[in-house]
Amino acid sequence: MKLMDHIVAAMDETLDKMAFMTFSPVAAPDVSASPFAYTVRIGFAGKLAGELTLYFTEKTSEGMSRNLLGLRDADALSPGTPVDALKEFANILMGRTLSLLDPATPFTLKIPEAQSGEVPVTLSGATREEVRGMFDDYEPCRLVIVYR
Amino acid sequence: MEKTIAIIDDSRTIRAILRKSVLASNVQVKAFHEAEDGIDGLSLIRRLHGQLSLIIMDINMPKMDGLEMLKALEAEGRLGGVPILVISSRADDALKASCAKFGVKAFVNKPFTHESFRSALELVISQP
């Protein structure tokens with residue numbers, strides 16, 4: 001089982017329990033203009049070490065933060081709330097992934113970092129896995145994990 | 001009896017989720033006090049020593065992690081009597097054993113449902 005398979009399983013669980021969204025891996029077509037407004041990256045170490053990079057659209061970041069916080073569409077989102085929500089999502093996702101992979105082995109997670117737009121993965125000499133998918137069947141996202 | 005609750009987590013999203021979940025539970029809340037890392041958490045708990053009914057805390061935090069914070073509080077004799085509920089993305093036995101040494105009463109793994117958190121909360125609050 002590839003590491004990305006564990007990530008997708010952890011994603012399903014996290015979205016179901018906390019964000020009330022769905023994620024469907026798809027063979028998404030390449031788009032000439034990147035649709036992604038935010039990139040969140042989280043490093044990890046333990047039995048495996050590397051980093052997970054997630055790419056989200058603006059709509060996903062707003063929808064996810066509303067769902068996590070139990071806010072209605074009409075409720076205002078304070079500045080920084082969507083990005084904070086994405087960072088916490090990455091934290092939960094990577095932690096759950098490593099727990100599913102090996103429940104007995106401790107691991108450490110770095111504090112997630114968020115940036116605007118799309119930031120390429122630069123860690124070299126490591127195994128790389130990628131999945132593209134859709135949140136709620138209409139918002140694209142992309143996950144890239146590199147690890148040793 | 002109304003409870004004074006400390007929430008210590010670097011994610012304001014999680015702090016908001018926890019506040020909401022506590023307010024939706026059977027626990028009567030007098031006040032929430034929040035900190036976003038172990039150093040602020042340490043200051044908060046020192047300042048509110050004797051007044052806190054519950055500490056809800058994360059482990060993985062910047063500046064000082066949750067275990068380091070608990071170690072410092074134990075060294076100062078400030079851990080006795082205050083129930084502690086840990087919320088963490090780690091689920092390994094080594095962490096749970098470390099937390100138990102500091103008297104942590106309940107451990108909730110992320111991701112969590114409101115129901116699972118509230119069950120842990122009510123268990124911790126009801127213990128003598």
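Labels below follow one simple rule: chain letters A, B, ... track the order of the sequence lines, proteins then strands, and each chain is numbered from 1. Given the structure is predicted, the values throughout are model-derived calculations rather than measurements.
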A/Ser24 (side chain) donor-acceptor with A/Gly133 (main chain) under 3.5 angstrom: no
Would you check if B/Lys63 and B/Asp40 make a side-chain contact, meaning some heavy-atom pair closer than 4.5 Å? no
Check the orientation of B/Phe112 and B/Phe117. Use parallel for under 30°, tilted for 30 to 60°, and perpendicular for over 60°. tilted
Report which part of A/Ala85 has an atom under 4.5 Å of a heavy atom belonging to chain B: side chain, backbone, both, or neither. both
Sort A/Thr108 into side chain, backbone, both or neither according to what part of it lies under 4.5 angstrom from a heavy atom of chain B. neither
So which part of A/Ser78 gets closer than 4.5 Å to some heavy atom of chain B, the side chain, the backbone, both or neither? both
Taking side chain as everything from C-beta outward and backbone as N, CA, C, O, which of these in A/Pro106 sits under 4.5 Å from a heavy atom of chain B? Side chain, backbone, both or neither. both
Tell me, for A/Ser99 versus chain B, whether the close heavy atoms (under 4.5 Å) come from the side chain, the backbone, both or neither. side chain
With a 4.5 angstrom heavy-atom cut-off, is it the side chain or the backbone of B/Ala91 that approaches chain A, or both, or neither? both
With a 6.0 Å cut-off (strictly less than), is the heavy-atom count around NZ of B/Lys3, excluding the residue itself, greater than 12? yes
Could you tell me whether B/Lys110 and B/Asp9 have a side-chain N and a carboxylate O separated by less than 4.0 Å? yes
For B/Gln28, I'd like to know if atom CD has over 12 heavy atoms of other residues, nucleotides or ligands within 6.0 Å. no
For chain B, the option from A/Ser65, A/Ala10, A/Gly95, A/Ala104 that forms the most heavy-atom pairs under 4.5 Å: A/Gly95
Sort out for me which of A/Asp84, A/Ile92, A/Ile111 touches chain B most, counting heavy-atom pairs under 4.5 Å. A/Asp84
